[in-house]
Undergrad: 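I am attaching a structure below and will ask some questions about it afterwards.
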Amino acid sequence: MWTMLFLLMFFGLLCAGMPIFLVLGLCAAVLFGFSDQPLVAIAQKIADEMNSSTLMALPLFVMAAAFMRRGGVAKALVDVAIAWFGRLRGALGLVTVVSCTLFAAICGSSVATALAMGTILVPAMIERGYPRHFALGVVGASGTIGIVIPPSLSLILYGLIAEQSVPRLFLAGIMPGLLQAAMFFGWVFYYSHKYELPREPSVPRVELVRMSLNALPALCVPFIVMVGIYGGLMTVTEAAAVSATVALLVSLFFYRGFKVSQTLEVIAEAIKSAATIMIIVATALAFGHWMTDSGIPASLVKFTLDNQLHPWQFLLAINVLLLVLGCFLEVAATLLVVMPILAPALKPLGIDPVHFAIVFTHNMEIALVHPPVGLNLYVLATISTAPVTEVVRGVLPFLGLLLLCLAIITYVPQLSLWLPNLVYGAG
């Protein structure tokens, strides 16, 4: 009964156009009321769960991303990528994949990566004669790498909900992220030779060295984060604070992307983005609390065990479910709604929660580039004044690669687990 009531309320309110945080909050309030639990429990649960040092990393990484996006970092990364790959055919497409991967290692957000790189590279590719749908597709697809390469905001949320080590999750995302980037690089290379896309002028060796040195301050941010966390010098939250500070200093005094007088404006922009995520987190935590108390996760575990589902069958079913939900919900909402239900079923089925985090995150990458809610599609349509249908056309070949990558990640768990097990031992 409770499951049916929740589904009717949830999808009914979504179809009515209500924001996701209100949908989750109202569902939690009504369900708490019908189950005779005091509504004050909602506020208490939110207060308890939000008082988390791990969760504090999220707005700090968002702030670091805002500084880097406005601070001229994207241009420095593009310049160094052009210097190294410019002589190859279709160089700007290849540069897009490389630059998005590097920027993803700085900001942790897919939308921010697509926005920063799309603003620079889409006009540049169109000006050099690249088909517009191809330019939009390669930026939109490559931007999705932002939520799997550490530091990933989605993996921080997953660690909070599923009670997993965020450093271990960060390590698990590296190899799948690089696999995805390699697939995209290979496709762009093939497409560029097939349609004879242009090369870029060769860069003199002195200029190559200068551009490489110019990109080093930008690359300091992921270096500091990774060394700080895995060297045992900082927690994830402390690393996030340091990365925001370094990003601000690099943007202000090295790349000079904005003035000191504009700092508060950039901070306000970052706080607004972070607040949007945090309010969804708050209401989703209340909903997750009710979900746990309702016994629905336990029923799911019982169902899977009673029906003797194999792990591969469970993972296949969940992949299909997540791909469908991705048509309607954005990344944080899907994660916060679904994980309280799925997390208890993983251990009884012998599925490593760290491996499942990457499977889940990769599904969310696909959701970012397929309609009707693919945020990267709308970001690129906005900055290029192209119809969304044209962006979708450009993304379609990459969707096939993303689905292939999802199959590999799902059924070759060691791809995700090799690095965290090497560093921390088997979980």
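Since the model is a prediction, treat every value here as computed from it, not as a measurement.
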Undergrad: For Arg256, what residues pass the salt bridge (Lys or Arg N to Asp or Glu O under 4.0 Å) criterion, not counting sequence neighbours?
TA: none
Undergrad: Any side-chain heavy-atom pair from Leu248 and Leu252 closer than 4.5 angstrom?
TA: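 Counting from C-beta outward, Leu248 and Leu252 do come under 4.5 Å.
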Undergrad: Quick one: does Val354's side chain get under 4.5 Å of Ser416's, heavy atoms only?
TA: no
Undergrad: Between Leu60 and Ala240, which heavy-atom pair has the shortest distance, and what is it?
TA: CB-CB, 3.6 Å
Undergrad: Given the rule in the side chain to side chain contact (heavy atoms under 4.5 Å, CB included) test, do Ile409 and Cys405 qualify, once you have shown the distances and angles that lead to the verdict?
TA: CA-CA 6 Å; Ile409 290 169; Cys405 194; 3.8 Å; yes
Undergrad: Is there a donor-acceptor pair closer than 3.5 Å between any side-chain N or O of Ser142 and the backbone N or O of Cys100?
TA: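 No, because the side chain of Ser142 does not come within donor-acceptor range (under 3.5 Å) of the backbone of Cys100.
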Undergrad: Hey, can you tell me if Phe61 and Phe170 have their rings parallel, tilted or perpendicular (30° and 60° cut-offs)?
TA: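 Answer is perpendicular, since the angle exceeds 60°.
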Undergrad: Can you give me every donor-acceptor pair (side chain of residues 188-199, partner residue at least two apart or in another chain, under 3.5 Å) with its distance?
TA:
residue	atom	partner	partner atom	Å
Ser192	OG	Val188	O	2.6
His193	ND1	Phe189	O	3.0
Arg199	NH1	Arg87	O	3.1

Undergrad: With side chain to side chain contact (heavy atoms under 4.5 Å, CB included) as the test, would you mind laying out the steps for Val139 and Met125 before giving the verdict?
TA: CA-CA 11 Å; Val139 174; Met125 280 191 273; 4.0 Å; yes
Undergrad: Please report the shortest heavy-atom distance between Leu169 and Ile358, naming the atom on each side.
TA: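 The answer is O-CD1, 4.2 Å.
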Undergrad: Check the side chains of His362 and Glu365 for a donor-acceptor pair under 3.5 angstrom, ignoring hydrogens and angles.
TA: yes
Undergrad: Donor-acceptor pair, Tyr158 side chain versus Pro353 backbone, under 3.5 Å?
TA: yes
Undergrad: Under 4.0 Å between a Lys/Arg side-chain N and an Asp/Glu carboxylate O for Glu269 and Lys272?
TA: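 Salt bridge absent between Glu269 and Lys272.
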Undergrad: Closest heavy-atom contact between Ala239 and Ile229?
TA: CB-CG1, 3.8 Å
Undergrad: Quick one, Leu406 with Asn319, criterion side chain to side chain contact (heavy atoms under 4.5 Å, CB included). Give me CA distance, side-chain angles, the key distance, then yes/no.
TA: CA-CA 9 Å; Leu406 174 61; Asn319 279 336; 3.9 Å; yes
Undergrad: Any heavy-atom pair between the side chains of Leu249 and Phe254 that's under 4.5 Å?
TA: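 SC-SC contact between Phe254 and Leu249 ruled out.
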Undergrad: Tell me whether the count of non-hydrogen atoms from other residues, nucleotides or ligands lying under 6.0 Å of OH in Tyr411 goes above 12.
TA: yes
Undergrad: Check whether any side-chain heavy atom of Pro150 lies under 4.5 Å from a side-chain heavy atom of Leu155, and answer yes or no.
TA: no
Undergrad: Which residue is it: Thr144, Leu323, Leu322? I am looking for the one with a side chain to side chain contact (heavy atoms under 4.5 Å, CB included) to Ile366.
TA: Leu323
Undergrad: Just checking, any donor-acceptor pair under 3.5 angstrom between side chains of Asn214 and Asp79?
TA: no
Undergrad: Report the residues that fulfil side chain to side chain donor-acceptor pair (under 3.5 Å) with Ser243, sequence neighbours left out, ordered by chain and then residue number.
TA: none
Undergrad: Using side-chain heavy atoms (C-beta onward) and a distance below 4.5 Å, is Met63 in contact with Ile271?
TA: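 Yes; the side chains approach each other to less than 4.5 Å.
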Undergrad: Parallel, tilted or perpendicular: which describes the rings of Phe398 and Phe184, with under 30° parallel and over 60° perpendicular?
TA: perpendicular
Undergrad: Rounded to the nearest 0.5 Å, what separation is found between the NE2 atom of His310 and the CG atom of Leu349?
TA: 11.0 Å
Undergrad: Heavy atoms, side chains only, cut-off 4.5 Å: are Leu153 and Leu157 in contact?
TA: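 Counting from C-beta outward, Leu153 and Leu157 never come under 4.5 Å.
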Undergrad: Are Leu136 and Arg393 close enough, and set up right, to give a side chain to side chain contact (heavy atoms under 4.5 Å, CB included), and what steps lead you there?
TA: CA-CA 9 Å; Leu136 293 168; Arg393 179 189 168 200; over 6 Å; no
Undergrad: Looking at Met117 and Ser99, what are the two nearest heavy atoms and their distance?
TA: CE-O, 3.5 Å
Undergrad: So, the side chain of His355 versus the backbone of Thr410: is there a donor-acceptor pair under 3.5 Å, distance only?
TA: yes
Undergrad: Kindly say whether Gln262 contributes a backbone atom to a donor-acceptor pair with the side chain of Glu265 at under 3.5 angstrom?
TA: no
Undergrad: To the nearest 0.5 Å, what is the distance between CG (Leu216) and CZ (Phe223)?
TA: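 Answer for the CG-CZ pair, Leu216 versus Phe223, is 11.0 Å.
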